[in-house]
Protein chains: 2
Amino acid sequence: MAKTAGRPPRSQSDIVEFRSKIAKHAVAIYRAEGFGAVSMRRLAKEVGCAPMTIYAHFEGKQDILRYLWADVLADMSDEIQEILKLIVAPDERLQTAAQTFVSYWIDHPDHFRLVFMSNDVTRSDVSTFVMDEETLAHFRVFSDLVQAVLQDHSNLKASTDTLISGMIGIAFCLNTIRDYPWADATMMTDRLLTSIIGPTKSIP
Amino acid sequence: MAKTAGRPPRSQSDIVEFRSKIAKHAVAIYRAEGFGAVSMRRLAKEVGCAPMTIYAHFEGKQDILRYLWADVLADMSDEIQEILKLIVAPDERLQTAAQTFVSYWIDHPDHFRLVFMSNDVTRSDVSTFVMDEETLAHFRVFSDLVQAVLQDHSNLKASTDTLISGMIGIAFCLNTIRDYPWADATMMTDRLLTSIIGPTKSIP
DNA sequence: CATTATTATAGCACGCGTATCAATTAAAAG
DNA sequence: CTTTTAATTGATACGCGTGCTATAATAATG
């Protein structure tokens, strides 16, 4: 079983290196000039390769944007963790985390758009998201927080998922449907929590 | 105060006529070939005018898509009204309407994308939606249904808005974040309703 | 008729995501 | 060295949303 002649395929490390180089520049552009500035042609110029070379390493733009999501999601997660340090009561922890989550996306509409709405219109697939382990972890936080509050663990998953999709829904609506006079986000989040942990008194 | 010379501005009826002509063709293209096929150039060809002429009558593509929303929203509303005919109990009416609403968007991902996710990426504004009276009415249905169930009307708005954004959130998440193993949509909707009308037994 | 105000058009431009394809370069084996 | 294979490049292309400009068509007034 001798090796075949000719140039060998890209080594695994080369692939990783190139991908992370692209990712690094993508994040830099996004941070400096926002979502609209991140384009394949621009990225290629920045990195110093032909636009089509990128397609040898990524499936498409969507595939690159995932690296930006990671960046944003980590930022959001940090914000939540930071606040949770100060709180011990399980129900207060859940409430605070939820409020912080919702606030984050309302305070950073560009981040929200990037993570949740950067679907490519030309593709027929609506699906935006591909969950890797790291991304999943950011959402599992809520599973843990809900678990700490719920006495009945039988429908932990349903509760958690309702909470997550509900929070995203609130952020989504306030971001995209601006004409509608939505109720206060904090109130809505509070009300949403009711379906999980029962009536609460809001945190001052 | 004599009229000035020269060709008079478009009459109001001319404007309306042209707009609805564009809208008609847009709906036709969308119905026949889906979201991706609706483009300004295509639309112009279909209607028989220069692409840029459309911009004299519409602010941009977004402005045209509103007519498609109206079409889809009416369809969804009809589906809800149809089912509600058979139900009298207020709480059951609310539950059924909510489940139908969520199901509609999950069963029609293309419609969901059109209505809720057709933002133009090049524009920096995330906002997609402009609510006209007609569109608002489709959402007010839920306000009425909630009102019929709630004894305490003091936080009717918060409850309704939480429900609406929650339902949209469920539809949104199931449509766009496909990798995540979401709980059953019916269960989540049920749980969401809990925050509004308290614990319910699900409808068989 | 001519004048004039308005709309409509064609043509070009920019940048976008993405695809194709021939030509070139790089790295290994013989 | 040459040969072989893979990676990269450049050019070109399509269609997209949208803007600009110069020109033509239109419909009223005087």
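Letters A, B, ... are given to chains in the order of the sequence lines, protein chains preceding strands, and every chain is numbered from 1.
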From the candidates D:dT9, C:dG17, C:dA27, the one with an atom nearest any side-chain atom of A:Pro8 is C:dA27
Quiz item: When you check the gap from the basic side-chain N to the acidic O, do B:Glu134 and B:Arg66 get nearer than 4.0 Å?
Solution: no
Rounded to whole Å, the CZ-P distance (A:Phe58 to D:dA7) equals 16 Å
Of all heavy-atom pairs linking A:Met117 and B:Phe116, the shortest is CE-O, 4.0 Å
**OP:** Determine whether any donor atom in the side chain of B:Arg41 lies under 3.5 Å from an acceptor atom in the base of D:dG17, or the reverse, and answer yes or no.
**Re:** yes
(Q) So, OP1 or OP2 of D:dC16: does either fall under 4.0 Å of a side-chain N or O from B:Ser39? (A) yes
Closest to the 5' end of DNA chain D, once A:Gly48 and B:Arg42 are matched to their nearest nucleotides, is A:Gly48
In whole angstroms, the gap separating P of D:dT18 from CG of B:Asp63 amounts to 10 Å
To the nearest 0.5 Å, atom CZ of A:Phe142 lies from atom CG of A:Asp161 at 12.0 Å
A:Leu43 atom CG is separated from C:dG17 atom C1', nearest whole Å, by 13 Å
In whole angstroms, the gap separating C1' of C:dA10 from NZ of B:Lys45 amounts to 15 Å
Here the distance between atom P of C:dT6 and atom OH of B:Tyr55, to the nearest Å, is 24 Å
*Tell me what B:Arg10 touches on the nucleic acid: a base, only sugar-phosphate, or nothing, going by heavy atoms under 4.0 Å.*
sugar-phosphate
**Working for side-chain hydrogen bond (donor to acceptor under 3.5 Å, both in side chains), residues B:Tyr104 and B:Asp75** = CA-CA 10 Å; B:Tyr104 184 89; B:Asp75 183 47; 2.6 Å; yes
Which of D:dC20, C:dT18, D:dT9 is nearest the side chain of A:Met52? It is C:dT18
Per atom distances to the B:Cys49 side chain, the nearest of C:dT9, D:dT9, D:dG17 is C:dT9
note: A:Ile54, atom CD1; D:dT8, atom P; distance rounded to Å ~ 11 Å
Problem - Phosphate-side-chain proximity, A:His57 and D:dT8, N/O vs OP1/OP2 below 4.0 Å - result: yes
Side-chain atoms of B:Ala56 come closest, of D:dC16, C:dA8, C:dC16, to C:dA8
